[in-house]
Number of protein chains: 2
Amino acid sequence: MSKTKRYNVALLGATGAVGQKILETLEAKNFPIDQLKLLSSPRSAGTKIKFKDEIIVVEEAKPESFEGVDIALFSAGGSISKQLAPEAIKRGAVVVDNTSAYRMDENVPLVVPEVNEADIKKHQGIIANPNCSTIQMVATLKPIEEKFGLKRVIVSTYQAVSGAGAQAVEELKDQAQAFLNGEDVDAKLLPVKSEPNHYPIAFNALPQIDLFQENGYTFEEMKMINETKKIMNRDDLSVAATCVRLPFFTSHAESVYLEVEKDVSVKDIHDVLNSAPGIVLKDNIETQEYPTPLDAAGQTDVFVGRVRKDLDNPLGIHLWVVSDNLLKGAAWNSVQIAESLVKNNWL
Amino acid sequence: MSKTKRYNVALLGATGAVGQKILETLEAKNFPIDQLKLLSSPRSAGTKIKFKDEIIVVEEAKPESFEGVDIALFSAGGSISKQLAPEAIKRGAVVVDNTSAYRMDENVPLVVPEVNEADIKKHQGIIANPNCSTIQMVATLKPIEEKFGLKRVIVSTYQAVSGAGAQAVEELKDQAQAFLNGEDVDAKLLPVKSEPNHYPIAFNALPQIDLFQENGYTFEEMKMINETKKIMNRDDLSVAATCVRLPFFTSHAESVYLEVEKDVSVKDIHDVLNSAPGIVLKDNIETQEYPTPLDAAGQTDVFVGRVRKDLDNPLGIHLWVVSDNLLKGAAWNSVQIAESLVKNNWL
């Protein structure tokens with residue numbers, strides 16, 4: 001990274017759950033910022049946020065907000081991205097978009113730096129940050145694919161409520177306390193705020209994340225399927241997903257079955273994962289070591305354990321993959337993309 | 001069922017979580033009991049338990065306890081079963097064993113009545129009740145296999161703490177309250193009491209249920225794999241399992257991928273499940289209908305939803321299967337076996 005050059009950075013969605021984590025990450029990783037502009041909806045404008053030793057007042061996001069901005073990190077929902085990303089680009093900013101708005105746009109690179117960093121170079125003003133549950137899975141699959149090939153993936157997810165935003169975190173807390181008090185549990189938000197039915201998440205499991213699509217899969221499931229193929233540049237890869245919301249706050253876990261092209265041992269997989277960037281192997285049955293959502297919370301890495309060969313298919317492997325959905329799944333991956341833009345002069 | 005004949009029934013493990021559910025089920029289903037004997041460890045002997053209008057004092061289980069008993073329901077742990085089942089048989093009782101002690105014994109039928117009721121007839125004094133997570137899965141697979149064939153199954157489970165006993169339920173409650181109070185969370189029991197390490201289950205997920213085996217799978221996973229093959233009488237069936245303990249109290253959920261032998265539609269699967277015994281289809285994406293652990297708690301049926309065809313493999317089907325682990329997963333299945341013994345004169 002250049003020792004002198006500093007960049008004007010805008011963060012849209014600064015008051016949201018992911019926005020807060022992006023701020024923490026920019027500070028922790030000492031991103032080379034000249035001026036930092038915090039933007040939000042009119043409702044949250046005026047909020048004061050501390051960044052390093054400075055107090056920054058959040059401003060209402062408008063097209064003009066992006067004048068003079070080099071890098072704009074967007075994390076305020078898909079419709080806001082659709083509206084303001086073209087305005088930011090028009091004014092010379094490169095947008096790193098953390099919503100689903102542009103992910104499947106063929107002109108927009110969809111990037112997990114450990115997997116397809118070089119795609120960033122092809123950007124036309126926007127680089128999309130993938131869905132949280134996709135990121136941790138492809139970061140794990142890529143080093144395995146490189147060494148042993150990859151034919152198919154079947155994943156069942158165990159996803160934290162923070163993926164549905166700060167209100168969902170409060171809903172889980174409130175419901176859990178009500179349940180423990182023996183009171184009625186009120187469900188107003190999950191699985192999807194805009195849907196007619198809401199179900200309790202406390203001490204429960206909801207097999208719906210985001211809206212159902214016509215084919216019977218949820219949008220979250222289709223994101224995992226389509227984004228994985230795009231990021232890995234593998235239209236031919238067979239990917240299936242079942243996504244489930246669970247009563248924990250942070251980190252998504254995934255039970256992943258995959259089929260490789262060469263007969264490998266557990267040690268082969270361990271060796272590959274041990275030397276893979278951004279992956280921490282945590283897999284020892286002697287000492288009961290495996291990742292859990294609580295352990296992974298607050299960490300930027302992707303943790304992998306429970307590596308087993310399928311007992312019937314010599315090419316089948318089972319894994320358990322856990323990562324902080326707000327960090328590697330969102331904020332940290334976005335900041336990594338921004339770091340790559342700067343480091344490689346791809347702005 | 002004979003209108004006049006009544007049976008002397010003994011329940012071993014009467015004070016445990018499953019024992020209590022067996023008692024409730026015997027009463028609810030009006031099982032034809034003449035005399036009911038409640039048995040337990042010396043520690044719990046003397047406990048008074050109400051059954052119908054009677055107060056029964058729990059007695060310490062001894063070999064002599066089974067004199068004159070027709071049907072003995074065992075639910076007090078594998079080592080107790082190993083010790084006392086031969087004693088009960090010697091005294092003329094037929095044992096329905098809810099532990100893992102005899103499940104894989106080739107002389108012992110392992111039975112889910114909806115799947116392989118006829119195997120009960122072959123008993124030599126013991127019929128084993130399968131593991132909770134296996135029962136709900138095979139009850140779902142069997143009608144599909146009969147109509148469309150079945151080649152392989154890959155399951156990831158979402159399992160309730162009550163499967164680890166009443167103490168685990170208390171541990172989840174205590175930990176959840178401590179967490180919500182901002183206090184330290186104390187882990188003493190899960191994932192496995194006898195193991196050196198214990199991890200919090202509240203607001204977490206633990207990818208270990210029961211002890212690790214040499215092959216890297218847990219005993220719970222191997223139970224699902226081996227028991228499924230035995231119950232379905234399909235040594236050739238490819239079965240893989242990843243078992244995860246989650247912070248809810250009752251009902252196990254399962255994300256099941258299966259491959260059939262004929263190209264089928266979602267409607268074909270719906271039709272088969274709609275007419276299958278003990279199965280309730282709850283699958284409508286228009287109205288957000290799918291089973292959840294909270295819904296299934298207290299019900300004896302197995303609930304199935306989220307039926308989808310794999311997007312790449314025309315023979316691949318995805319399902320979401322939920323059932324009360326203490327009822328169909330334990331107590332109700334045991335009582336069903338006892339009902340079958342009586343109804344078919346197979347005692």
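Sequence lines set the chain letters: A, B, ... in the order given, protein chains first and strands last, and positions in each chain run from 1.
- A pairwise comparison of heavy atoms in B:A202 and A:L294 identifies O-CD1, 4.1 Å as the closest pair.
- With a 4.5 angstrom heavy-atom cutoff, A:L211 does not touch chain B via any of its atoms.
- A distance of 9.5 Å separates CG of A:L180 from CG of B:N181, quoted to the nearest 0.5 Å.
- Listed by first and then second residue, the ring-ring contact (aromatic ring centres under 6.0 Å, His included) pairs that reach into residues 290-323 of chain B are A:Y199-B:Y290, B:Y158-B:W320, B:Y257-B:H318, sequence neighbours excluded.
- A distance of 12.5 Å separates CD in B:Q177 from CZ in A:F179, rounded to the nearest 0.5 Å.
- Most heavy-atom pairs under 4.5 Å with chain A: of the set B:E286, B:Q213, B:R152, this distinction falls to B:R152.
- Contacts from residues 227-235 of chain B to chain A, taken as heavy-atom pairs separated by less than 4.5 Å, involve B:K229 in sequence order.
- Interatomic distance, A:Q208 CD to B:T292 OG1, rounded to the nearest 0.5 Å: 12.0 Å.
- The environment of B:E261 atom CD is dense: over 12 non-hydrogen atoms of other residues, nucleotides or ligands sit within 6.0 angstrom.
- Residue contact with chain B, scored on non-hydrogen atoms closer than 4.5 Å, involves the backbone of A:A241 exclusively.
- Per-residue counts of heavy-atom pairs under 4.5 Å with chain A were compared for B:G305, B:S255, B:A160, B:A240; the largest is that of B:S255.
- Between the side chain of A:N197 and the main chain of B:T287, a donor-acceptor pair closer than 3.5 Å is present.
- For chain B, the option among A:D310, A:L311, A:I154 with the highest count of heavy-atom pairs below 4.5 Å is A:L311.
- In this structure, A:R306 contributes its side chain and B:P207 its backbone to a donor-acceptor pair below 3.5 Å.
- Residue A:D236 places its CG atom among more than 12 non-hydrogen atoms of other residues, nucleotides or ligands, all under 6.0 Å distant.
- Contact of A:F212 with chain B is made through the side chain alone, with heavy-atom distances under 4.5 Å.
- The residue among A:P291, A:A205, A:P196, A:G316 with the most heavy atom pairs within less than 4.5 Å of chain B is A:A205.
- Taking CG of B:L319 as the reference point, atom OG1 of A:T242 lies at 9.0 Å (rounded to 0.5 Å).
- Your options are A:D312, A:N313, A:V239, and the one with the most heavy-atom pairs under 4.5 Å with chain B is A:D312.
- Crowding of B:Q167 atom CD: a count of heavy atoms from other residues, nucleotides or ligands under 6.0 Å not exceeding 12.
- Listed by chain and residue number, nothing satisfies the salt bridge (charged side-chain N to carboxylate O under 4.0 Å, His left out) test with B:D174 (two or more places apart in sequence, or in another chain).
- B:I285 and A:G216 get closest at one heavy-atom pair: CD1-CA, 3.9 Å.
- Comparing A:D283, A:V244, A:V307, A:N215 by heavy-atom pairs within less than 4.5 Å of chain B, the highest count is held by A:V244.
- Contact check on B:R308 versus A:E214 returns no salt bridge, with no Lys/Arg side-chain nitrogen under 4.0 Å from an Asp/Glu carboxylate oxygen.
- Against chain A, the residues from residues 246-254 of chain B that qualify, each with a non-hydrogen atom under 4.5 angstrom away, are B:L246, B:P247, B:F248, B:F249 in number order.
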